[in-house]
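Below is one structure; the comments refer to it alone.
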Amino acid sequence: MNRERRLGLSLMSASLVLIGLWSSTPAAEKIDKQNATISGSWKLAMAFAGGQRGQGGARPQSAASRAGGSRGRGSQGGALTRQIMLNLVEKDGKVSGDFVGLSGKPAAIQDVKLKDGELSFKVPQQMGPNTFTLNFAAKVAGDQMQGTAKILTPAGAREFGFQGERLKTPTASAAGTWRLHIALADGTKFQPTLEITEAGNSLKGVYRGERAETAISNALVFGDEATFDVARDRDGKKYRLHFQGKIKGNTLSGNVDYDFDGMTGYIGFMGERMTAPQASADKAR
């Protein structure tokens with residue numbers, strides 16, 4: 001009787017599998033299949049200083065190891081890490097998307113290929129009067145991405161390593177007027193203001209210090225993280241600030257990397273929003 005009962009249960013299970021009412025696939029495998037898509041917003045960190053020249057050189061180190069993590073210009077070799085947003089959509093076996101990087105404007109990616117976790121694409125970029133093409137190749141594993149980007153120039157090929165992660169944090173609003181607090185090691189304090197407007201993941205704005213007003217550049221928001229640059233040339237000297245911080249409600253905190261005509265380093269900063277973010281249509285563009 002027990003053998004007949006076990007046989008009946010086995011036949012019932014097999015029937016349920018056949019008609020799709022029950023699956024023998026483990027739950028973990030189901031989740032993996034559901035999360036197999038590459039769709040989403042990806043934050044890429046690319047180290048631009050010290051890239052490999054030409055073909056067949058040693059593979060560049062990762063952006064995080066070259067640039068000292070999230071601090072932009074790190075202490076290891078002085079690499080400049082540029083933060084880049086990559087928005088990907090996978091549908092019907094095809095991948096499309098846009099790239100918000102060097103120019104701060106979205107550009108559609110081209111010649112996209114994805115097979116067995118290997119992603120490649122190219123994207124045109126405009127920097128001033130110069131137009132060039134970035135060729136990306138990366139290995140994707142879950143929410144992580146790592147690879148290289150190659151630029152072809154008249155002087156030869158330049159190759160840069162990058163790392164990426166899929167964003168899981170909802171995009172915070174950076175719009176409004178901010179009062180920043182920056183204290184130097186000698187006790188000197190600065191309180192510049194920052195006015196920001198949003199256009200998708202891109203930011204535009206003005207940085208006002210004690211002596212001058214400067215438009216920010218390379219400004220993006222990644223989830224709850226914002227990054228932007230302030231560049232000034234005065235009396236034949238170059239001043240560069242690279243801000244990167246996290247937004248929590250109406251507060252902003254992080255690090256600012258500085259290059260004062262060759263004198264480099266980084267310090268922390270804090271900020272509070274003095275005016276409410278604008279609920280404008282720019283954010284949806």
Side-chain angles (χ1 to χ4, degrees), residues 37-48 62-64 67 69-73 79-91 95-112 114 119-127 132-140 142-151 160-175 196-205 215-230 242-247 252 254-255 257 277 280-285:
T37 178
I38 200 172
S39 296
S41 295
W42 295 77
K43 174 188 171 184
L44 309 185
M46 186 184 305
F48 276 92
S62 69
S70 63
R71 291 201 293 260
R73 298 176 183 85
L80 169 62
T81 299
R82 179 63 63 221
Q83 307 293 338
I84 294 168
M85 175 69 76
L86 177 63
N87 298 305
L88 298 176
V89 176
E90 185 178 5
K91 186 177 181 181
V95 180
S96 60
D98 61 65
F99 174 96
V100 186
L102 307 182
S103 65
K105 299 178 181 178
I109 58 177
Q110 305 171 355
D111 297 341
V112 188
L114 177 64
L119 172 70
S120 64
F121 63 90
K122 65 182 182 180
V123 60
Q125 288 288 280
Q126 181 86 29
M127 290 293 287
F132 57 91
T133 299
L134 281 170
N135 294 276
F136 283 81
K139 180 71 175 180
V140 182
D143 294 325
Q144 303 296 315
M145 181 186 301
Q146 184 167 357
T148 57
K150 184 181 294 183
I151 304 175
F160 307 92
F162 72 87
Q163 289 183 328
E165 60 178 326
R166 184 169 6 210
L167 296 179
K168 297 181 180 180
T169 305
T171 301
S173 174
I196 293 180
T197 58
E198 296 175 322
N201 294 116
S202 297
L203 305 176
K204 295 181 179 180
I216 62 175
S217 58
N218 303 314
L220 295 169
V221 60
F222 307 88
D224 62 352
E225 185 175 307
T227 179
F228 64 92
D229 292 344
V230 179
H242 175 72
F243 286 81
Q244 188 164 332
K246 286 188 176 293
I247 301 169
L252 173 64
N255 291 312
D257 294 294
S280 67
D282 286 343
K283 195 168 183 179
R285 291 179 186 174

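If you read the sequence from its start, that first residue is 1, and numbering goes on from there.
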Next on the checklist: I'd like to know if the side chain of Q244 reaches the main chain of E225, judged simply by a donor and an acceptor atom lying under 3.5 Å from each other, with no hydrogens or angles considered.
Outcome noted: no

Checklist entry - At their closest point, which heavy atom of M85 faces which heavy atom of S41, and how far apart are they? => result SD-CB, 3.9 Å

Checklist entry - Do the side chains of S202 and L220 get nearer than 4.5 Å, heavy atoms only? => result yes

Item to check | Shortest non-hydrogen contact between V221 and A172, atoms and distance | outcome: CG2-O, 3.8 Å

Checklist entry - Looking at G223 and L167, what are the two nearest heavy atoms and their distance? => result N-CD1, 3.6 Å

Checklist entry - To the nearest 0.5 Å, what is the distance between CD1 (I151) and CD (Q125)? => result 9.0 Å

Next on the checklist: Angle between ring planes, F136 versus F121, binned at 30° and 60°: parallel, tilted or perpendicular?
Outcome noted: parallel

Checklist entry - Once you round to the nearest 0.5 Å, how far does CG of D224 lie from OG1 of T171? => result 9.0 Å

Checklist entry - Under 4.5 Å between any side-chain heavy atoms of Q163 and Q146, yes or no? => result yes

Checklist entry - Do L119 and W42 have side-chain heavy atoms sitting under 4.5 Å apart? => result no

Checklist entry - Does some side-chain heavy atom of I109 sit less than 4.5 Å from a side-chain heavy atom of L88? => result yes

Item to check | Contact summary for V95 and V112, nearest pair of heavy atoms | outcome: O-CB, 3.6 Å

Checklist entry - Roughly how far, to the nearest 0.5 Å, is CD1 of I38 from CD of E90? => result 6.5 Å

Next on the checklist: Quick one, F99 and I84 - any side-chain contact, counting heavy atoms below 4.5 Å?
Outcome noted: yes

Checklist entry - Out of curiosity, N87 CG to S96 OG, how far, rounded to the nearest 0.5 Å? => result 10.5 Å

Item to check | Shortest non-hydrogen separation from E198 to A175 and the atoms involved | outcome: OE2-N, 3.5 Å

Item to check | Donor-acceptor contact below 3.5 Å, side chain T227 vs main chain F243 | outcome: yes

Checklist entry - If every non-hydrogen atom of R166 is compared with every non-hydrogen atom of G142, which pair is closest and at what distance? => result NH2-O, 3.0 Å

Item to check | From OG (S173) to CD1 (I247), nearest 0.5 Å | outcome: 7.0 Å

Item to check | Side-chain heavy-atom pair E165, D143 within 4.5 angstrom cut-off | outcome: no

Checklist outcome for this item: One should read off an interatomic distance between T148 OG1 and K139 NZ, to the nearest 0.5 angstrom, of 14.0 Å

